[in-house]
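Notes to accompany the following structure.
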Protein chains: 2
Amino acid sequence: MSTYKLRTVSVVEAVAEQLSEDIFSGAFRPRDVLTETQLSERFDVPRQTIRSAIVMLLHDGILRRERNKSVYVPLFSEEDIRDLFAVRRLVEMETARILSTRGVLPEGAKSAVRSMELLSDEDSWDELLKYDFQFHQALIEATKSTRLQKFYRSISAEMRLALTYFRSGDFSPSRMAREHREFLDAIRSGDPSAAVEACRVHIEESEAFINQTIHAQRERMDPDRARYLSDNKSL
Amino acid sequence: MSTYKLRTVSVVEAVAEQLSEDIFSGAFRPRDVLTETQLSERFDVPRQTIRSAIVMLLHDGILRRERNKSVYVPLFSEEDIRDLFAVRRLVEMETARILSTRGVLPEGAKSAVRSMELLSDEDSWDELLKYDFQFHQALIEATKSTRLQKFYRSISAEMRLALTYFRSGDFSPSRMAREHREFLDAIRSGDPSAAVEACRVHIEESEAFINQTIHAQRERMDPDRARYLSDNKSL
DNA sequence: ATCAAAATATTGTATAACAATACGACTATT
DNA sequence: AATAGTCGTATTGTTATACAATATTTTGAT
């Protein structure tokens with residue numbers, strides 16, 4: 001008889017998950033303030049449960065709070081974006097080094113790229129984003145490094161939130177697929193330094209894309225607003 | 001008039017802090033299971049408060065649990081130690097690169113080294129460890145990278161716990177001080193690659209020291225026990 | 001001794017209440 | 001009108017209690 005590892009979901013986890021979705025989907029916008037009683041009614045669970053769920057999301061970086069204040073959806077500054085990408089680059093380059101050294105190429109990453117290649121320009125940004133995350137997730141998990149995974153988890157939620165804010169920019173599934181394919185091939189090559197370099201390129205392309213979207217959004221604003229944001233280094 | 005940023009401590013934080021100390025100090029040993037009611041009585045706070053404190057320590061990696069089970073103090077495997085050091089090396093090398101590039105040399109790190117140099121061989125391992133952590137903490141904070149700091153925090157507690165387990169090995173404050181001094185000088189030099197390399201050496205010396213202690217401990221055991229541990233890759 | 005059922009212990013969730021803090025509205029004073 | 005002070009309200013932080021769900025131990029039957 002084989003044994004199954006069943007996956008159960010506690011109430012707190014379910015609330016945290018749904019609340020995350022509400023944030024990612026835009027139901028809650030940056031700077032929105034969420035009070036515990038309000039959430040308690042929304043999900044029809046006791047306030048204690050909400051508080052536990054909030055702690056999870058605080059750790060994921062998609063909610064913030066000061067003491068004795070209500071939590072709020074974070075607004076990422078340019079500095080936040082820089083920091084996120086810098087750290088992500090660090091982690092992913094190390095991942096690329098490990099995997100190419102070990103000659104490991106996770107199936108999940110391969111299938112994610114295949115899925116991307118099947119997307120057409122009419123498909124949604126969300127769809128593309130899903131495969132993007134699946135790809136990188138698979139790579140990290142293949143390292144088998146508990147701490148690296150923990151680290152990546154702690155920034156991936158923030159990353160996802162940042163990316164959804166700037167989804168509106170023009171994007172091309174085919175280009176995205178090609179970039180991921182190249183990265184994957186570099187890892188497959190077995191040359192660690194080449195893989196690491198490909199990773200750097202990949203992440204920097206991603207960052208450049210975001211920055212471009214940010215600036216495009218800013219130009220669509222009126223000058224005063226743009227100047228204000230520029231002064232406050234916020235998005 | 002200058003403004004102060006006051007630091008307050010909530011009940012949960014105080015409990016978490018004290019509980020951490022109890023774990024670091026060895027009052028709770030690896031594999032010890034801690035029930036919530038037991039802790040509730042020990043600290044004379046309601047169970048809900050204990051639960052919140054536990055969540056913090058779970059994130060710090062100095063407590064673990066499976067669902068519906070009591071938490072327990074982790075026992076680090078050799079793989080854990082390897083993983084911890086690998087990731088720590090990654091973060092600290094990046095830190096060294098950043099600081100040497102920017103020409104930043106935090107005061108806290110300098111004073112930590114000075115304190116080490118004043119220690120004699122009669123002083124305690126705990127004392128030395130304190131300055132060691134102060135040194136690395138200061139470096140990380142000087143990067144101003146929120147995510148890097150968050151990450152470091154998430155492994156430093158585990159690191160400290162691992163180090164306290166193996167405190168018994170022979171140690172030399174003067175050698176420790178010298179190693180840190182050399183690392184600091186390398187950062188000061190302004191040559192990033194030299195600083196990064198010095199960092200690698202520093203961390204690897206630290207890891208080698210731990211491994212040596214581990215093996216020494218193992219040899220003091222009886223053969224059966226040693227073989228058992230070897231088989232289970234646990235310490 | 002082995003297995004199953006019952007009793008117990010422990011975590012997870014729910015409800016309520018109160019204390020501490022933050023925030024806004026209002027008032028009094030100048 | 002502007003300012004500082006006071007009060008009331010909303011919100012978070014903490015405590016208390018109870019019960020449900022799950023895990024563990026004990027007991028009992030075979």
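Chain identifiers are assigned alphabetically (A, B, ...) following the order of the sequence lines, protein sequences preceding nucleic acid strands; residue numbering begins at 1 within each chain.
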Over how many whole Å does the gap from [X] atom [atom1] to [N] atom [atom2] extend?
X       : N      : atom1 : atom2 : answer
A:Gln48 : C:dT11 : CD    : C1'   : 15 Å
A:Glu66 : C:dA22 : CD    : P     : 11 Å
A:Phe43 : C:dA14 : CZ    : C1'   : 17 Å
B:Lys69 : C:dG12 : NZ    : P     : 11 Å
A:Arg65 : C:dA22 : CZ    : P     : 14 Å
B:Asn68 : C:dA9  : CG    : P     : 18 Å
B:Ile50 : C:dG12 : CD1   : C1'   : 16 Å

With a non-hydrogen cut-off below 4.0 angstrom, is [X] in contact with a base, only sugar-phosphate, or nothing?
X       : result
A:Arg51 : base
B:Arg47 : base
B:Leu34 : sugar-phosphate

Could you list where the contact with chain A starts and ends along DNA chain D, reading 5' to 3', using a 4.0 Å heavy-atom cut-off?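 Here the contact window of chain A covers D:dT11 to D:dT15.
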Distance below 4.0 Å between A:Thr49 side-chain N/O and C:dA14 OP1 or OP2: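 Checking C:dA14 against A:Thr49, a side-chain N or O does come within under 4.0 Å of OP1 or OP2.
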Salt-bridge test for A:Glu13 and B:Arg67: reply yes if a basic N is under 4.0 Å from a carboxylate O, no otherwise.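 Counted as a salt bridge, because a side-chain N and a carboxylate O are separated by less than 4.0 Å.
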Specify the closest pair of heavy atoms between A:Lys150 and B:His59, including all atoms of both residues, with the distance to one decimal.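 What the structure gives for the nearest pair is NZ-O, 3.4 Å.
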List the atom of A:Arg102, the atom of A:Thr143, and the distance in Å for their closest heavy-atom pair.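 Minimum heavy-atom contact is NH1-O, 3.0 Å.
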Run the numbers on B:Glu21 and B:Arg160 for salt bridge (Lys or Arg N to Asp or Glu O under 4.0 Å), then give the verdict. CA-CA 11 Å; B:Glu21 285 309 315; B:Arg160 179 171 169 195; 3.7 Å; yes
Is any side-chain heavy atom of B:Arg88 less than 4.5 Å from a side-chain heavy atom of B:Tyr152?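 Yes, close enough: below the 4.5 Å cut-off.
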Can you tell me if CD on A:Gln38 sees more than 12 non-hydrogen neighbours from other groups inside 6.0 Å?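 Yes.
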Sub-3.5 Å donor-acceptor pair from the side chain of A:Asp32 to the main-chain atoms of A:Tyr72, do we have one?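 Absent.
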Selection from C:dT10, C:dT15, C:dG12 that lies nearest to any side-chain heavy atom of B:Ser70: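 Closest of the options to the side chain of B:Ser70: C:dT10.
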